[in-house]
Amino acid sequence: KWKGEGTTQNLESIVIGRCYDYIRIVNPAVGEKNCSQIWEAFKNAFINKDPCSILPKDYELFINLTLHTIPPNKSLFWENNQLLVNSFAARGRRYMSVGDTLFGFVGDFLNWCGQADSPGLDYESCPTMTECENNAVDSFWRMASITYAQHSSGVIQVLLNGSAEGGAYPQPGFFADYEIPNLQKDKISQIVIWVVDDIEGPDADSCGTNSVKTLETRLKTLGFDVTCTDNYKSVMFLLCLD
């Protein structure tokens, strides 16, 4: 009935397994977390509810149970380059993007939704963003983005795709709408923007032009110290490798 793909098979095992993977192997520094409790809080955010009426605040308990410190200077925000960010951040070894936090790690690349009047998950189909804004997955990532921004400090990195259709800094977008408004100005010393074009891709957007200029102006108006670099070498090397 919905246009989106249904809930990922074995969702419960994946979420609980990822939780243990994270606290035991990926980032044991976060300390003990109750992975079964985390699954229950996650599930209860959307189970038994109309899949188009899930709000970010429904994930509050889940966020509280998974919350941990994000190391200063390690935050890496992004738009339109998730796979590149994953390899560049190296699961928190170089940077800690939202997908490298416990709350993000648990949900990364998964899909899920429930149904009104049903305690089960809908494995057939789930609503997409175009069908309804308040779907289970998008509301989850809104809440994750807000939390991530609020807990980021020091030097903040932003990796944007200079070849993206519609500009490197999309509006509306998660960074524009949920992350920038939740950055804590007193905790942030600098914002470093990297605009990286796809290899052999169009150079559609660069520092000081088009949507990147819009972003730079917005951040400076908010009082942040902003620098911008085109085709930052370290990231280019990774792209070349791939």
Side-chain angles (χ1 to χ4, degrees), residues 1-19 22 35-67 77-86 97-152 160-161 164-167 169-183:
K1 72 180 176 167
W2 301 108
K3 294 195 177 91
E5 56 181 85
T7 299
T8 308
Q9 295 287 337
N10 311 105
L11 184 70
E12 179 175 357
S13 305
I14 295 173
V15 168
I16 293 175
R18 282 184 177 183
C19 174
Y22 193 89
C35 294
S36 318
Q37 220 177 351
I38 285 169
W39 160 252
E40 289 299 322
F42 174 74
K43 181 183 72 174
N44 289 335
F46 61 90
I47 212 98
N48 254 352
K49 295 180 192 171
D50 167 2
C52 280
S53 62
I54 314 298
L55 299 174
K57 65 176 176 54
D58 294 329
Y59 289 99
E60 259 171 12
L61 177 58
F62 166 82
I63 290 288
N64 291 338
L65 293 172
T66 51
L67 198 57
F77 293 85
W78 56 274
E79 285 283 5
N80 296 317
N81 49 25
Q82 185 171 11
L83 296 174
L84 176 60
V85 163
N86 281 4
S97 70
V98 67
D100 305 309
T101 62
L102 174 54
F103 49 89
F105 188 81
V106 159
D108 227 8
F109 296 107
L110 300 178
N111 212 38
W112 63 87
C113 65
Q115 307 163 67
D117 314 318
S118 159
L121 300 164
D122 189 342
Y123 292 103
E124 299 305 307
S125 67
C126 290
T128 59
M129 182 69 149
T130 47
E131 290 177 287
C132 61
E133 213 179 312
N134 294 328
N135 64 69
V137 175
D138 283 304
S139 288
F140 173 89
W141 287 113
R142 281 187 203 113
M143 189 63 181
S145 291
I146 290 165
T147 307
Y148 180 69
Q150 287 170 340
H151 289 84
S152 291
L160 301 176
N161 184 341
E165 250 179 85
Y169 168 59
Q171 291 177 281
F174 277 86
F175 186 54
D177 301 339
Y178 300 100
E179 292 171 338
I180 293 175
N182 285 290
L183 293 172

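Just so it is clear, the model here is predicted, and its values are computed rather than measured.
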So [Y] and [X], do their side chains get closer than 4.5 Å, heavy atoms only?
X: Pro51; Y: Cys126; answer: no
X: Leu110; Y: Val15; answer: yes
X: Phe174; Y: Asp138; answer: yes
X: His151; Y: Thr101; answer: no

Exercise. Should the pair Lys43-Glu40 be classified as a salt bridge under the 4.0 Å nitrogen-to-oxygen rule?
Worked result: yes
Value rounded to 0.5 Å, distance of [atom1] in [X] from [atom2] in [Y]:
X: Asn134; Y: Ser139; atom1: CG; atom2: OG; answer: 5.0 Å
X: Leu65; Y: Ser36; atom1: CG; atom2: OG; answer: 11.0 Å
X: Leu84; Y: Asn161; atom1: CG; atom2: CG; answer: 8.0 Å
X: Asp177; Y: Arg142; atom1: CG; atom2: CZ; answer: 9.0 Å
X: Gln150; Y: Leu67; atom1: CD; atom2: CG; answer: 9.5 Å
X: Asn64; Y: Thr147; atom1: CG; atom2: OG1; answer: 8.5 Å

For this session: Look at the aromatic rings of Phe42 and Tyr59 and report parallel, tilted or perpendicular, splitting at 30° and 60°.
Result: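 Phe42 vs Tyr59 ring planes: tilted.
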For this session: Can you label the angle between the Phe46 ring and the Trp112 ring as parallel, tilted or perpendicular, going by 30° and 60°?
Result: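 Rings of Phe46 and Trp112: tilted, as their planes differ by 30° to 60°.
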Taking [Y]'s backbone N and O only, do any of them form a donor-acceptor pair with [X]'s side chain (distance below 3.5 Å, no angle check)?
X: Asn44; Y: Ala41; value: no
X: Thr66; Y: Ile63; value: yes
X: Thr7; Y: Leu121; value: no
X: Glu79; Y: Phe175; value: yes
X: Arg18; Y: Phe105; value: yes
X: Ser118; Y: Gln115; value: no
X: Thr8; Y: Asn111; value: yes
X: Asn135; Y: Cys132; value: yes
X: Asn80; Y: Ala164; value: no

Problem set entry | salt bridge (Lys or Arg N to Asp or Glu O under 4.0 Å) involving Glu124 - partner list, sequence neighbours excluded |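 Glu124: no salt bridge (Lys or Arg N to Asp or Glu O under 4.0 Å) contacts found.
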Identify the two heavy atoms, one from [X] and one from [Y], that lie closest to each other, and give their separation to 0.1 Å.
X: Phe109; Y: Asn86; result: CE1-ND2, 3.4 Å
X: Ile38; Y: Cys19; result: CD1-SG, 3.9 Å
X: Cys113; Y: Pro127; result: SG-CD, 4.2 Å

Problem set entry | Side chains of Thr128 and Glu131, donor plus acceptor under 3.5 Å |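 Judged by distance alone, the side chains do pair up.
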For this session: With sequence neighbours excluded, tell me which residues meet side chain to side chain contact (heavy atoms under 4.5 Å, CB included) with Leu183.
Result: Phe77, Ala149, Ile188, Ile191, Phe224
Exercise. Under the ring pair (Phe, Tyr, Trp, His ring centres under 6.0 Å) test, which residues partner Phe103, sequence neighbours left out?
Worked result: none
